[in-house]
Amino acid sequence: MATSEAPREALASTIFHCRLIPPRPDFALTMTEEERALMGRHADYLREKLREGVMIMAGPVADPAGPWGLLILRAGSEAEARAVTDGDPVSSSGRGFRYEILPMLSVIM
């Protein structure tokens, strides 16, 4: 028998829009080799979150004011979303990256 009910885990989670703000507006264009390696660890971390089912999608945004990173997460609370962003190697790198986290009011998926 078919049902229109959402899976239980979907009902207990919220979708979060996470904006990764780089340390400088031209970061994507002026990365050093060390920063490029850091971004590789960042991408590996996000791929793991995708495999875990926490991350829905991620990627750089071509904002005319300067590129920034978009991360869309599924989490039970803002604290859980913050734990994911805090675990990102860029967050603990001391290089000036920061995440802004906002819950989505509604989502069409």
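Being a predicted model, the structure only gives us computed values, none of them experimental.
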A.B. asks: Let me confirm one number: the OG1-CZ distance from T32 to F27, rounded to the nearest 0.5 Å.
C.D. replies: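 Answer rounded to 0.5 Å: 7.0 Å.
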A.B. asks: Any side-chain to backbone donor/acceptor pair from S91 onto T85? Under 3.5 Å, distance only.
C.D. replies: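 Looks like yes, one N/O pair under 3.5 Å.
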A.B. asks: Quick one, Y99 and L71 - any side-chain contact, counting heavy atoms below 4.5 Å?
C.D. replies: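 Contact flag for Y99/L71 side chains = yes.
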A.B. asks: Under the 4.5 Å side-chain heavy-atom rule for ILVMFWY, direct or indirect, which residues accompany L70?
C.D. replies: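 Other cluster members: I15, I56, M57, V61, W68, I72, M104, V107, M109.
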A.B. asks: Rounded to the nearest 0.5 Å, how far apart are CD of E78 and CG of L102?
C.D. replies: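 So the gap between those two atoms works out to 7.5 Å.
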A.B. asks: Does any N or O in the side chain of R95 come within less than 3.5 Å of the main-chain N or O of L38, such that one atom is a donor and the other an acceptor?
C.D. replies: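 No, because the side chain of R95 does not come within donor-acceptor range (under 3.5 Å) of the backbone of L38.
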A.B. asks: Which atom names give the shortest non-hydrogen contact between R41 and P89, and what distance separates them?
C.D. replies: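 Answer, listing the atom of R41 first, then P89: O-CG, 3.8 Å.
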A.B. asks: With the side chain counted from C-beta on, respond yes when H42 and D88 share a heavy-atom pair under 4.5 Å apart, and no when they do not.
C.D. replies: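 A side-chain contact under 4.5 Å exists here.
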A.B. asks: Look at atom CZ of R24 and say whether more than 12 heavy atoms of other residues, nucleotides or ligands are closer to it than 6.0 Å.
C.D. replies: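 Correct, the count exceeds 12.
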A.B. asks: Which pair of heavy atoms, one from S77 and one from F16, lies closest together, and at what distance?
C.D. replies: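 In terms of heavy atoms, the two residues are closest at C-CZ, 3.5 Å.
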A.B. asks: Atom NZ in K49, atom CE in M55: separation rounded to 0.5 Å?
C.D. replies: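 Spacing of NZ (K49) from CE (M55) equals 10.5 Å.
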A.B. asks: How long is the span from the CG atom in L20 to the CE atom in M39, to the nearest 0.5 Å?
C.D. replies: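 The CG atom of L20 sits 6.0 Å away from the CE atom of M39.
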A.B. asks: Is it true that atom CD of E34 has more than 12 heavy atoms of other residues, nucleotides or ligands lying nearer than 6.0 Å?
C.D. replies: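 Incorrect, the count does not exceed 12.
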A.B. asks: Salt bridge check, R47 against D44: does any charged N sit closer than 4.0 Å to a carboxylate O?
C.D. replies: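 R47 and D44: salt-bridged.
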A.B. asks: What are the two closest non-hydrogen atoms of P25 and P67, and how far apart are they?
C.D. replies: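 Minimum heavy-atom contact is O-CD, 3.5 Å.
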A.B. asks: Which heavy atom of E35 sits nearest a heavy atom of M31, and at what distance?
C.D. replies: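 Scanning both residues, the minimum pair turns out to be OE1-CA, 3.3 Å.
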A.B. asks: Heavy-atom count check: over 12 atoms from other residues, nucleotides or ligands less than 6.0 Å from L29 CG?
C.D. replies: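 Yes.
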